[in-house]
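Next up is a structure, given as structure tokens.
Here is how names work: the chains are called A, B, and so on, in the same order as the sequence lines, proteins then strands, and each is numbered from 1.
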Amino acid sequence: DAGVTQSPTHLIKTRGQHVTLRCSPISGHKSVSWYQQVLGQGPQFIFQYYEKEERGRGNFPDRFSARQFPNYSSELNVNALLLGDSALYLCASSLVLFSNQPQHFGDGTRLSIL
Amino acid sequence: DQQVKQNSPSLSVQEGRISILNCDYTNSMFDYFLWYKKYPAEGPTFLISISSIKDKNEDGRFTVFLNKSAKHLSLHIVPSQPGDSAVYFCAASDPGGSEKLVFGKGTKLTVNP
């Protein structure tokens, strides 16, 4: 069975540009979450979507937005990129909410801002 | 303000011995705890979890212990193998409206042959 898939794997952008990252959850999983991981830190929560609705938002500026599609895949958009947005962006999926089921992660998109 | 803390950035053990990774948390509302393993250039891989209603959960060589009064959990790996060398993250599920995971900074485990 396919795990969580993310695209692209690597991306290089310049300051001020915008970026769209994509995620396909494990088949049957309805919840998708996005995390940002910078070097030396654990992943930090950005968004969670369940059944196409936003269920949680972390402490990130409005330049970050996301959505979930009817097939449960998801996009993370970041506008007006800053150097500090350089990080590994991870997508995780889980079956349903509040079931004490683990979130399963993709391999991430490595975003570099020049 | 770090709600999940892994105070040891690194740990080195000999193959065959026990590895003990520790994690402390501050938020008593956390109700579900997880350990993930991460290799370079890969995403975190789920290892084992524990609900706050339990104090121990085992899965093969991996055992997680939860001490709610001390707000402390630990991961035991017995016996340790060189393939266990990775960064281990402790995470807690925040039940407030979503299931966001709050992660520690990770502990790099090195298992020497």
Worksheet entry | Proximity breakdown for A:Tyr50 and chain B, heavy-atom pairs closer than 4.5 Å | neither
Worksheet item: Nearest 0.5 Å, what's the CD-NZ distance between A:Gln44 and B:Lys100?
Response: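 It is 9.0 Å, given to the nearest 0.5 Å.
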Practice prompt. Can you see which heavy atom on B:Phe89 is nearest to which on A:Gln37, and at what distance?
Written response: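 So the minimum-distance heavy-atom pair works out to CZ-NE2, 3.3 Å.
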Worksheet entry | Interface moiety of A:Leu88 toward chain B, non-hydrogen atoms closer than 4.5 Å |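 Contact with chain B is through the side chain of A:Leu88 alone.
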Item to complete: Side-chain contact test, heavy atoms from C-beta onward, threshold under 4.5 Å: evaluate it for A:Phe45 versus B:Asp94 and give yes or no.
Response: no
Practice prompt. Please examine the side chains of B:Tyr36 and A:Gln103, heavy atoms only from C-beta on, and report whether any two atoms are closer than 4.5 Å.
Written response: yes
Worksheet item: In the hydrophobic clustering that connects Ile, Leu, Val, Met, Phe, Trp and Tyr at side-chain heavy-atom distances below 4.5 Å, which members other than A:Phe69 occupy its cluster, ordered by chain and number?
Response: none
Practice prompt. Using non-hydrogen atoms and a 4.5 Å limit, figure out which bit of B:Leu34 sits close to chain A: side chain, backbone, both or neither.
Written response: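 Just its side chain gets close to chain A.
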Response to the item:
The complete set of side-chain hydrogen bond (donor to acceptor under 3.5 Å, both in side chains) pairs with one or both residues in residues 83-92 of chain A, sequence neighbours excluded, reads A:Gln36-A:Tyr89, A:Arg63-A:Asp85
Worksheet item: How many angstroms lie between atom CD of B:Glu42 and atom CG of A:Leu90, to the nearest 0.5 angstrom?
Response: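 Rounded to the nearest 0.5 Å, the CD-CG separation comes out at 12.0 Å.
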Practice prompt. Would you mind checking which part of B:Lys108 comes under 4.5 Å of any heavy atom in chain A, side chain (CB onward), backbone (N, CA, C, O), both or neither?
Written response: neither
Discussion item. Can you tell me which of A:Pro43, A:Gly108, A:Ser33, A:Gly42 forms the most heavy-atom pairs within a distance under 4.5 Å of chain B?
Written reply: A:Pro43
Discussion item. How close do A:Gly106 and B:Pro44 get, counting heavy atoms only, and between which atoms?
Written reply: O-CD, 4.4 Å
